[in-house]
Structure formats: structure tokens, C-alpha cells
Participant: 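Please read through the structure below; I'll follow up with questions.
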Amino acid sequence: MYRALYWSDEPAVMLLDQTRLPAESVELSCPDVASLVDAIKRLAVRGAPLLGIAGGYGIALAVARGEDVETAAYDLAHARPTAVNLTKGVVRVFAAYRDSGGDPAATLAAARALHAEEDAAAEALATHGLTLIEPGARVLTHCNTGALATGGAGSAFGVALAAHKAGKLAHLWVGETRPLLQGARLTAWEAAAHGIPHTVLVDGAAASLMSTDQVDLVLVGADRIAEDGTVANKVGTYGLAVVATYLGIPFVVVAPCSTIDLATPQAAAITVEQRDATEVTTFAGQLVTPADSPAWNPAFDLTPAGLITALVTERGVLRHPDRAGIAELVAR
Ligand code: MRU
């Protein structure tokens with residue numbers, strides 16, 4: 001239906017430019033690492049698992065182009081700080097490059113293997129996640145977790161899509177996701193493409209929606225899951241979790257195991273990306289605040305494990321995730 005990212009033997013990493021959606025579907029060719037790093041920073045490609053895939057192909061691109069691969073690995077891994085998949089993808093494919101003695105074919109094969117694993121994980125996420133969906137479910141989601149953000153059909157969105165295909169999903173509520181509107185621009189676009197009945201709401205309306213018995217389940221993705229189960233995800237997620245817990249609505253995180261980072265013990269060890277204030281102070285190119293008003297623009301927030309009803313991974317469903325449960329899951 002649409003491909004968020006693929007390898008071209010040109011060589012180049014080809015992206016569906018997510019900054020242009022939903023107005024235009026435009027492919028962006030990244031023929032070198034600098035252009036790919038720029039695309040990652042601008043969110044032309046985004047979403048934790050897809051960033052991992054992009055980072056992996058980025059190393060293959062550096063090798064194929066004869067660029068300095070160590071510099072490429074550093075630049076790719078540091079393009080954005082919060083999604084652990086990006087670093088993991090870069091490190092994994094860099095290891096294949098090093099272990100193969102710098103062989104381009106072996107490096108590309110490692111990037112392709114990573115991509116295939118994420119595709120397979122997404123399929124398993126949908127299967128496991130579907131077991132949590134009751135017939136007639138009204139689901140609220142946040143940010144974008146579909147094929148534009150992952151391998152395969154998505155994480156949280158992939159579960160909603162599977163529920164839709166199984167005839168179990170009554171409605172998908174889509175939080176717009178200020179300030180870059182990944183929900184309004186991207187999730188609504190993917191929902192429309194799949195014929196999923198959906199409604200976009202401003203982030204500030206979510207609490208009211210949930211309190212008026214219009215949501216049965218909240219489904220979100222993750223950018224990094226710490227060893228203690230803390231979930232870093234798009235800013236606004238924590239607020240949804242607090243409200244869902246207060247109202248007794250299940251709050252479910254859907255993410256591949258590649259997003260779990262055992263090297264991050266708890267929330268304090270997670271770097272939350274701070275983005276440019278102009279993303280908040282302007283809208284569609286127009287200044288919407290007084291010229292001198294500063295803005296605080298964290299891209300992510302941190303949800304404690306205690307607010308999470310279940311974590312869905314490709315290895316199964318972990319109810320009430322905590323440090324022990326995460327350790328057992330990763331060891332499975
Ligand atoms: O800043 P973004 O658009 O890269 O943030 C993406 C998210 O927060 C997603 O929810 C997360 O990466 C999970 S994608 C399956």
C-alpha cells in the first residue's frame with residue numbers, strides 16, 4: 001500500500017517523506033549518510049523501530065558509498081537521542097561490517113535481516129495484541145505507530161488494524177499529537193488508507209473523551225523501555241496513562257523487544273529529546289505566540305510501569321510490567 005523506507009541499489013535509502021504527509025506522498029532519496037541524518041532529524045523518517053531500520057541501512061549506505069563508517073555510525077546514532085532502536089540498529093549493522101572485514105554485501109545483508117526481523121515482530125505484536133481486544137472496542141491511540149513508524153504494519157496501530165480486520169474494532173480515536181501532529185497527519189492517513197473508522201481529537205480533549213465512556217482501551221507505542229518498565233514515548237503519553245488509570249481504562253503499550261533497553265535502569269537514565277521551540281511557537285509557518293515568548297518542547301515523556309496495564313511484545317503479553325517481568329520476558 002505504501003512503503004515508509006526501502007533500500008535502493010543506486011545506492012540510496014529511499015523514504016516516504018513524512019514531513020509532506022498527508023498533503024503529498026513524496027519519495028525522498030538519501031544517497032549519503034548526511035542526507036539520511038538530516039531526514040532523521042527533520043522527522044522525514046521517524047518512529048522507534050523504523051529509526052532502527054534506517055540506522056542499519058545507513059551503515060550499509062556508508063559502506064557502499066565508501067564513506068568513513070565510524071563517523072557515519074556516530075552521526076546516525078546521535079541524530080536523535082530517545083529511541084533506543086536507532087542506536088541498536090546502528091551498532092548491530094556496524095558489528096556486521098566490522099566482523100565481515102568491511103564487506104558491503106555482508107553489511108547490507110545485516111541491515112536487511114534487521115528489517116525482516118522488525119517486520120516479523122510487528123506481525124507477532126498484532127497477533128498477541130489482538131487477544132486483549134474485546135469485540136466492539138473503542139480504542140484511543142497517540143502519535144503514529146503504524147507502518148510509517150515500524151517494520152510491518154505497526155505496533156499499537158498494528159493491533160488496532162488487526163482488530164479492525166477481525167471485525168472487533170468499533171472506533172479508533174486518534175490524538176492529534178502536538179506539536180508535529182503525527183496523529184492528525186500520519187495515523188489518520190494510515191487509518192483512512194485501511195478504511196478504519198476513526199476520529200481525530202486535540203490532545204487536550206483526551207481526558208474528557210475518556211471520562212465520558214467513549215474509550216475502552218488506550219494503545220500506545222514506545223521509544224525506549226527501561227529495565228524497570230518505564231516507557232519513554234511521545235509527549236502526552238504519560239498524561240493519557242494517568243487519566244486512564246484514574247478512570248480504570250486499560251492502558252496498553254505495544255512494542256517490539258528491540259525497544260527494551262536493559263542498559264537503561266530507570267527513568268532518570270533516559271535522555272528526553274528537546275526540540276526547537278519554533279515547533280511550538282509557530283503553526284503552519286505562522287508565529288502563534290508573542291515574538292519573545294519562549295517555549296518548552298520535549299518530544300517525549302516517561303510513563304512509570306505502575307500505570308501500564310500490559311506490555312505487548314512479539315514474545316507475548318506481560319501484564320503489569322515490572323523489573324522482574326521485563327527480565328523474564330527478555331530471557332524468553
Ligand atoms: O518523534 P517521533 O514521531 O519519532 O515519535 C514516535 C513515537 O513516539 C512513537 O509512539 C514510538 O516511536 C513508537 S513507534 C511504533
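Counting starts at 1 for both ligands and their atoms, in listed order. On a predicted model such as this, the values are computed, not experimentally measured, just so you know.
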Participant: If we check side chain to side chain donor-acceptor pair (under 3.5 Å) with Ser258, which of these qualifies: Glu117, Lys88, Glu118, Arg92?
Facilitator: Glu118
Participant: What's the shortest heavy-atom distance between Trp189 and Leu148, and which atoms?
Facilitator: CE3-CD1, 3.9 Å
Participant: Listing request: all ring-ring contact (aromatic ring centres under 6.0 Å, His included) pairs with a residue in residues 58-91, at least two apart in sequence or in separate chains.
Facilitator: Tyr74-His78
Participant: I'd like to know whether Arg224 forms a salt bridge (Lys or Arg N to Asp or Glu O under 4.0 Å) with Asp261, so could you lay out the CA-CA distance, the side-chain angles of the two residues, the decisive distance to 0.1 Å, and finally the verdict.
Facilitator: CA-CA 6 Å; Arg224 183 183 300 239; Asp261 182 23; 2.9 Å; yes
Participant: Which atom names give the shortest non-hydrogen contact between His194 and Phe157, and what distance separates them?
Facilitator: CD2-CE2, 3.9 Å
Participant: So, for His115 and Tyr57, is the gap between ring centers shorter than 6.0 Å?
Facilitator: yes
Participant: What short N/O contacts, under 3.5 Å, does ligand 1 make with the protein, listed by atom pair and distance?
Facilitator:
unit_1: ligand 1; atom_1: 1 (O); unit_2: Arg80; atom_2: NH1; d: 3.4
unit_1: ligand 1; atom_1: 1 (O); unit_2: Arg80; atom_2: NH2; d: 2.8
unit_1: ligand 1; atom_1: 1 (O); unit_2: Lys234; atom_2: NZ; d: 2.7
unit_1: ligand 1; atom_1: 3 (O); unit_2: Arg46; atom_2: NE; d: 2.4
unit_1: ligand 1; atom_1: 3 (O); unit_2: Arg46; atom_2: NH2; d: 3.4
unit_1: ligand 1; atom_1: 3 (O); unit_2: Gln182; atom_2: NE2; d: 2.9
unit_1: ligand 1; atom_1: 4 (O); unit_2: Gly47; atom_2: N; d: 3.1
unit_1: ligand 1; atom_1: 4 (O); unit_2: Arg80; atom_2: NH1; d: 2.8
unit_1: ligand 1; atom_1: 8 (O); unit_2: Asp223; atom_2: OD1; d: 2.8
unit_1: ligand 1; atom_1: 8 (O); unit_2: Asn233; atom_2: OD1; d: 3.2
unit_1: ligand 1; atom_1: 8 (O); unit_2: Lys234; atom_2: N; d: 3.2
unit_1: ligand 1; atom_1: 10 (O); unit_2: Asn233; atom_2: OD1; d: 2.7
unit_1: ligand 1; atom_1: 12 (O); unit_2: Ala48; atom_2: N; d: 2.9
unit_1: ligand 1; atom_1: 12 (O); unit_2: Asp223; atom_2: OD1; d: 3.1
unit_1: ligand 1; atom_1: 12 (O); unit_2: Asp223; atom_2: OD2; d: 3.0

